[in-house]
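To start, the structure under review is shown below, and the notes come after it.
Because the structure is a prediction, the values reported are computed rather than measured.
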Amino acid sequence: MLQAVINAFKIADLRRKILFTLGVLVLFRVIAHIPVPGVDFTKLQNAFNGNNSLSGLFNILNIFSGGTLQSFSVAAMGVYPYITASIIIQLLTGVIPRLSELSKEGETGRNQLNKYTTWLTIPLAALQAFGQAQLLNSQFQALPLFGSDLLLTLTVIVSLVAGTMFLVWLGELITENGIGQGISIIIFGGIVSRIPGQILQLGQTGATGTSIFSLALFAAIGLLTVVGIILINEGQRRIPVHYSRSIMRGGRMMRQAGSSFIPLRVNSSGMIPLIFALSIMSFPVIVAGFFTAASNGVVRDAALWIYGNFQPSTLQYNLIYFVMVVAFTFFYTSVVFSQQRIAENLQKSGGAVPGIRPGPNTDRFLTTVLTRITVGGAVFLGIVAVLPWIASQLTGVQQLNFTSTSLLILVGVAIDTMKQLESQLLMRRYEGFINR
């Protein structure tokens with residue numbers, strides 16, 4: 001592997017892409033330390049370090065933002081409004097005919113869909129910025145003038161939206177001029193930046209009396225999770241396909257045959273179901289936070305009940321989270337598969353699955369196979385989603401906030417980036433990272 005790294009830096013073009021990607025990540029970390037104006041940092045720290053019921057939620061959001069939420073920097077929301085916009089556009093593509101037509105127009109259509117995604121990101125980012133800032137203000141008074149100062153309100157919202165859009169732009173630069181998918185690399189960099197702090201926290205946890213056995217068990221569970229993520233993400237069912245085409249050669253009609261396969265992945269939805277489920281599970285707590293001090297007793301009691309029972313540390317939260325992840329995995333896989341129109345494209349190109357009639361029969365066969373293999377992927381994602389809570393219950397290590405979604409992102413982005421480097425090296429006839 002070391003030789004592969006040396007080979008990558010020998011190639012001028014590949015070296016430039018790697019250094020460009022690293023440079024953009026350094027710029028991202030600089031931006032992550034620029035705070036928005038008007039923040040009371042003493043009260044802000046109480047939101048993360050105190051014993052309040054929102055500290056767990058804030059710490060999870062802080063991990064996904066690469067630690068920027070804890071300092072409430074201009075990059076506090078990361079690129080997640082853009083991811084939300086991308087998911088919405090992808091779901092609408094199967095419903096709105098105009099978007100469906102654009103998805104079939106090749107590069108031009110994809111560019112137009114990307115523009116729609118970017119435009120949708122702005123209002124979503126503004127809404128999320130207002131919600132996060134208002135929640136910090138209402139619960140911890142971390143923005144003491146937020147409710148009465150219109151200029152400060154607009155400044156905070158504009159700063160957060162500008163930070164998100166700047167990160168999206170940096171991600172696009174990485175995609176065009178660097179290595180890997182830019183948005184994923186930005187998320188990857190934010191999560192990796194939190195690892196040293198998590199390791200230090202683990203050391204402090206051990207120093208305060210947690211047994212070596214508990215820490216070793218926690219580490220073993222994490223390692224097994226990484227191995228499982230790799231196996232599930234790379235697992236696929238290959239459906240054989242035979243092609244038969246009629247061609248004119250020497251004035252005679254001849255038939256040309258060939259074979260290939262359709263790779264149906266065990267986990268076709270990636271980390272999207274986890275993000276869906278986490279967003280929905282976070283929403284009731286955020287809304288309830290606005291009504292915990294309501295004058296109406298019924299409303300206040302309902303808000304306090306939701307506030308106390310929908311926390312990441314509770315059993316009922318994790319049971320609901322597991323069910324939602326499994327359900328969203330099937331839903332999103334179905335949406336993506338229907339948009340690909342594999343059976344229709346096979347029929348147009350003269351391909352057929354052996355023993356299955358082309359057209360609707362092929363579509364039903366592929367749907368059945370995909371549903372069956374998705375059962376394993378969905379259950380695995382559900383287990384991965386609640387595994388940090390299970391690990392904390394088994395080991396007693398309660399202080400660590402690193403989530404399984406973070407592991408999915410890290411492993412997935414690392415594999416995709418290594419595959420891109422691998423293909424670049426193999427094109428130049430160098431031995432790569434994987435094929436050794």
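For the pair T164 (side chain) and G78 (backbone), a donor-acceptor distance under 3.5 Å is present. Judged by distance alone, the side chain of T21 and the main-chain N or O of I174 form no donor-acceptor pair under 3.5 Å. Checked by atom type and distance alone, the side chain of Q181 pairs as donor or acceptor with a backbone atom of I183 at under 3.5 Å.
Rounding to the nearest 0.5 Å places CG of N267 at 10.0 Å from CD1 of I373. One distance of note links CZ of R98 with CD of Q112; it measures 7.0 Å at 0.5 Å rounding. Taking CG of L14 as the start and CG of L19 as the end, the distance is 9.5 Å to the nearest 0.5 Å. Here the CG-CZ distance, from L25 to F20, works out to 10.5 Å after rounding to the nearest 0.5 Å. Atom OG1 of T417 sits about 8.0 Å away from atom CD1 of I179, to the nearest 0.5 Å. Considering CD1 of I356 and CG of L366, their distance stands at 8.5 Å, rounded to 0.5 Å.
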side-chain contact (heavy atoms from CB on, under 4.5 Å) evaluation trace for V384 with I232:
CA-CA 11 Å; V384 167; I232 292 296; over 6 Å; no

Kindly indicate, with the supporting measurements, whether the criterion side-chain contact (heavy atoms from CB on, under 4.5 Å) is fulfilled by T371 and F330.
CA-CA 8 Å; T371 301; F330 280 100; 4.2 Å; yes

Carefully, step by step, assess V335 and Q90 under the rule side-chain contact (heavy atoms from CB on, under 4.5 Å).
CA-CA 9 Å; V335 170; Q90 191 169 16; 5.6 Å; no

Check against side-chain contact (heavy atoms from CB on, under 4.5 Å), I83 and I187
CA-CA 11 Å; I83 293 177; I187 300 173; 3.2 Å; yes

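Closest approach of P240 to P354, counting heavy atoms only: O-CD, 3.2 Å. Of all the heavy atoms in M324 and A277, the pair that sits closest is CB-CB, 4.0 Å. Looking at every heavy atom in both residues, S73 comes nearest to L160 through O-CD2, 3.4 Å. Nearest heavy atoms, V325 versus A385: CG2-CB, 3.9 Å. Across T93 and S100, no two heavy atoms sit closer than the pair O-CB, 3.3 Å. When all heavy atoms of F322 and I383 are compared, the closest pair comes out as CE1-N, 3.6 Å.
Counting heavy atoms from C-beta outward, S269 and L381 have side chains that approach closer than 4.5 Å. Looking only at side-chain heavy atoms (C-beta outward), V156 and F130 stay at 4.5 Å or farther from each other. Counting heavy atoms from C-beta on, the side chains of V24 and F28 never come closer than 4.5 Å. At a threshold of 4.5 Å between non-hydrogen side-chain atoms, the residues L370 and S268 count as touching. In this structure, Y116 and L92 have side chains that are not in contact, with every pair of non-hydrogen atoms separated by 4.5 Å or more. By the 4.5 Å heavy-atom criterion applied to side chains, F166 and V74 are not counted as neighbours. Side-chain contact between F337 and D363: present, with at least one pair of heavy atoms (C-beta onward) separated by less than 4.5 Å.
By the neighbour-count criterion of 12 heavy atoms within 6.0 Å, atom CZ of R265 is densely surrounded, having more than that number from other residues, nucleotides or ligands. Atom CZ of R16 is surrounded by more than 12 heavy atoms from other residues, nucleotides or ligands within 6.0 Å. Within a 6.0 Å sphere centred on CZ of R357, heavy atoms belonging to other residues, nucleotides or ligands number 12 at most.
The only option from I229, L224, I230 that meets the side chain to side chain contact (heavy atoms under 4.5 Å, CB included) definition with V226 turns out to be I230. When N361, T367, T362 are each tested for a side chain to side chain donor-acceptor pair (under 3.5 Å) with R364, only one passes: N361.
Using cut-offs of 30° and 60° on the angle between ring planes, the pair F328 and F331 is perpendicular.
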